[in-house]
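Beneath this line is the structure, given in structure tokens, with notes to follow.
Atom set for the values below is all heavy atoms of this structure, side chains included, hydrogens, waters and symmetry mates excluded. Being a predicted model, the structure only gives us computed values, none of them experimental. Count residues from 1 along the sequence.
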Amino acid sequence: MGAIGGSIWHGFKGYRNSPRGDRFAGTLASIKSRAPVVGGGFAVWSGLFNAGDCTLVAIRGKEDSWNAIMAGAATGGILAARSGPQAMAISAAFGGIILGVMEGVGAMLGKLGGDQYKPVAPQLDLPPAPAPSNAEAPPTTEKATPKRFFQ
């Protein structure tokens, strides 16, 4: 995924920065030189994130959004460890915030889209029920004849 995204990004960038006659060659050169770097960085980030996420699931014993948020913060902090403690703290905060936003948007979309899977009672075409009458019918002395279905 990172290699494909890096190829597209650096392909456009190489095309734009190349002279008119050498655009195709500049595009390929840019893709060859920079796309593997982006792909490798994406692989390191996703591997570290998934390792942290699975570790937190094993430690906490439950799988929820907090695991991804904490794993994102830990990933950001670990990848910035060579830059010092201040950069590490800032990267950890941004990693947690970005993963928190992603989890929040995912939960919101799940909530909005989840209504379509709720069971719905079928709509039946029944005749309207007769209105109840409060007036009592006068008593009759005649015997009522039974109603027949087929006359």
Minimal heavy-atom distance between A80 and S91, with the atoms involved, is CB-OG, 3.4 Å
Closest non-hydrogen contact found for G77 with M88 is O-CG, 2.9 Å
Closest heavy-atom pair, W66 versus R60, reported as atoms and distance to 0.1 Å, is CB-NH1, 3.8 Å
Within this structure, what is the CG-CH2 distance for the pair N50 and W45, rounded to the nearest 0.5 Å? 8.5 Å
Identify the two heavy atoms, one from G14 and one from S30, that lie closest to each other, and give their separation to 0.1 Å. CA-CB, 3.7 Å
Nearest heavy-atom pair of G26 and S18: which atoms, and what distance? CA-OG, 3.2 Å
Closest non-hydrogen atom pair, I31 against P36: O-CD, 3.5 Å
Distance check, rounded to the nearest 0.5 Å: L48 atom CG versus D53 atom CG? 11.5 Å
Rounded to the nearest 0.5 angstrom, the CD1-CD1 distance for I98 and I69 is 12.5 Å
Say you draw a straight line from CG of D64 to CD of E103; how long is it, rounded to the nearest 0.5 Å? 9.0 Å
N67 pairs by side-chain contact (heavy atoms from CB on, under 4.5 Å) with which of L99, I59, L56? L56
Report, as yes or no, whether the 6.0 Å neighbourhood of atom CD1 on I4 holds more than 12 heavy atoms from other residues, nucleotides or ligands. no
Can you measure from NZ (K32) to OG (S7) and round to the nearest 0.5 angstrom? 12.0 Å
Are F49 and I78 in one and the same hydrophobic cluster, where Ile, Leu, Val, Met, Phe, Trp and Tyr link if side-chain heavy atoms are under 4.5 Å apart? yes
At what distance, to the nearest 0.5 angstrom, does CE of M102 lie from CD1 of I97? 14.0 Å
